Number of protein chains: 2
Amino acid sequence: MKALSEAGLRLFLERGLDGVTIDDITQAAGVAKGTFYRYFEDQTALVEALLGPVRRELLDGMEACGRALASAREVEAMFEAYRAVAAIIASALLQYPGVVRLYLQECRGPAVGARVKIVELARLVSRHAVDITEKAHTHGLLRPIRPAVSGLAVVGAVERLLLAVLSEEDIGNPLELPDALTTLVLDGLRLPPGTQPGRRKMDGRPGRP
Amino acid sequence: MKALSEAGLRLFLERGLDGVTIDDITQAAGVAKGTFYRYFEDQTALVEALLGPVRRELLDGMEACGRALASAREVEAMFEAYRAVAAIIASALLQYPGVVRLYLQECRGPAVGARVKIVELARLVSRHAVDITEKAHTHGLLRPIRPAVSGLAVVGAVERLLLAVLSEEDIGNPLELPDALTTLVLDGLRLPPGTQPGRRKMDGRPGRP
DNA sequence: CCAAATAATGACTATTTGGTCACTTTTTTT
DNA sequence: AAAAAAAGTGACCAAATAGTCATTATTTGG
């Protein structure tokens, strides 16, 4: 059964959810076809089994962040809530890198067949992200941009960077990512006015007066 | 032939690239199966035909942005180069909304079969984005964050917002998106220090001293 | 050591699918 | 109008596929 899950995940990543047959999976796992159906009703069930743990951790983490933020009145509490989510994501990345990659790879496809649960999770993640942004917004902690826009932008940025990490694109030390993202999202790309163009500060901190 | 392209695109969006058969397409287009093979060698060829125009416009636009930025020494020139890319994207969105959606939906999947050209385009887009960021970075116009990180983050944010627009998620007036994105990316989410929490400015401009 | 329960097998069926091709219909050219 | 060219058709084939099930192998409990 573990052999089936592992083979399935590997093949899904290589060929896409819809590009893998039950025969492929059982052959790769080194078992007979009938064995697959002893453990999973169909391909969809296998995907759900793979996604389950990540789904729980992620949704729990985001809900906790929402609750924490509901009572946050200061910027520091907001940062702390965001950091907690980042920790959840990092944990999932370390425990289930393949599943996270599968999510990133399939989450924007049409919600059909084996992909429904993945797309459903993606919708929940986006909704939570917007809710969280909405809360911070209500408390006046954020710039006056529609939460639906900034929340989704952050989701997109984070997901793209996770993909880069998992695809081993060259983005430097992954451990520096949360800091870089924080700087990026919270303080923006643009060099703060007053700093001399050409003389870059190298410590990566915001450094506004 | 147009009927085939349109039916194919519609079905690809409904069921995913790998979830559509030639029979599905010809049936939806109301032609016989053999007719498909008169115009396209296989499904991959149809996808390439669909993607072609968008691919050209997008890559041309990004290359132009790179060239413009190569000579940019001031922040204003940089903004102008970004605005030009935004215009290209908006144009593609209006002319070929379905194809853009197909790109967003499939661009992170494994580069297999009919998806290879889409994934290839996605790689080029990311590479260009990082190159562009690199250029702006070299000129000292940006914060000291690795261009590979900030460039990919912007790609991710933009792609997620485009998906939202095309999926008719509620993000308000799409015409305000470029401005929101600019504010978001260039000036950051965080309320500038010095502004009173709770008293939000409503004009959406940065407003730093 | 034996019997019952559990797990694994792979041949088999019914369908689906990509691709072909001899033929018919429509359009263009002469 | 006749001939030639182009477009369109759908039956057909071989390969692939989801799912079943009678049979065999293995494990477990007494």
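In what follows, chains are A, B, ... by sequence order, proteins preceding strands, each numbered from 1. Keep in mind it's a predicted model, so treat the numbers as computed, not measured.
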- Is there a donor-acceptor contact under 3.5 Å linking the side chains of B:Glu48 and B:Thr44? no
- Message: Within the 4.0 Å limit for protein heavy atoms, which parts of nucleotides 15-22 of chain C are touched? Write it as a string from 5' to 3', B for base, S for sugar-phosphate only, - for none.
- Response: --SBBBB-
- Message: If we ignore hydrogens and angles and just use 3.5 Å, is the side chain of A:Glu106 paired with the main-chain N or O of B:Gly109 as donor and acceptor?
- Response: no
Would you say [X] and [Y] make side-chain contact, with heavy atoms under 4.5 Å?
| X | Y | value |
| --- | --- | --- |
| B:Leu121 | B:Tyr103 | yes |
| B:Val85 | B:Leu58 | no |
| A:Leu152 | A:Val130 | yes |

N-O pairing of [X] and [Y] below 4.0 Å:
| X | Y | value |
| --- | --- | --- |
| A:Glu6 | A:Arg10 | no |
| B:Arg83 | B:Glu80 | yes |
| A:Glu134 | A:Arg127 | no |
| A:Asp18 | A:Arg115 | yes |

- Just how large is the angle between the end axes of the helix from C:dC1-D:dG30 to C:dT30-D:dA1, five pairs per end, to 10 degrees? 10°
- Message: Applying side chain to side chain donor-acceptor pair (under 3.5 Å), can you list everything that pairs with A:Glu176, at least two apart in sequence or on another chain?
- Response: none
- Search all heavy atoms of B:Phe12 against all heavy atoms of B:Gln105 and return the closest pair with its distance. O-NE2, 3.0 Å
- Task: Please identify each residue that fulfils salt bridge (charged side-chain N to carboxylate O under 4.0 Å, His left out) with A:Asp23, with sequence neighbours left out.
- Result: A:Lys33
Please report, rounded to the nearest Å, how far the [atom2] atom of [N] is from the [atom1] atom of [X].
| X | N | atom1 | atom2 | value |
| --- | --- | --- | --- | --- |
| A:Leu46 | D:dG19 | CG | C1' | 16 Å |
| A:Phe36 | C:dA7 | CZ | C1' | 16 Å |
| A:Phe40 | D:dA18 | CZ | P | 15 Å |
| A:Ile25 | D:dA16 | CD1 | C1' | 15 Å |

- Query: Distance from A:Cys65 atom SG to A:Asp60 atom CG, nearest 0.5 Å?
  - Reply: 13.0 Å
Distances for protein N/O vs nucleotides 23-28 of chain C N/O pairs under 3.5 angstrom?
none

- Residues touching DNA chain C, which here means a heavy atom under 4.0 Å, drawn from residues 1-17 of chain A: none
- Message: Quick check on C:dA8: is either OP1 or OP2 less than 4.0 Å from any side-chain nitrogen or oxygen of A:Tyr39?
- Response: yes
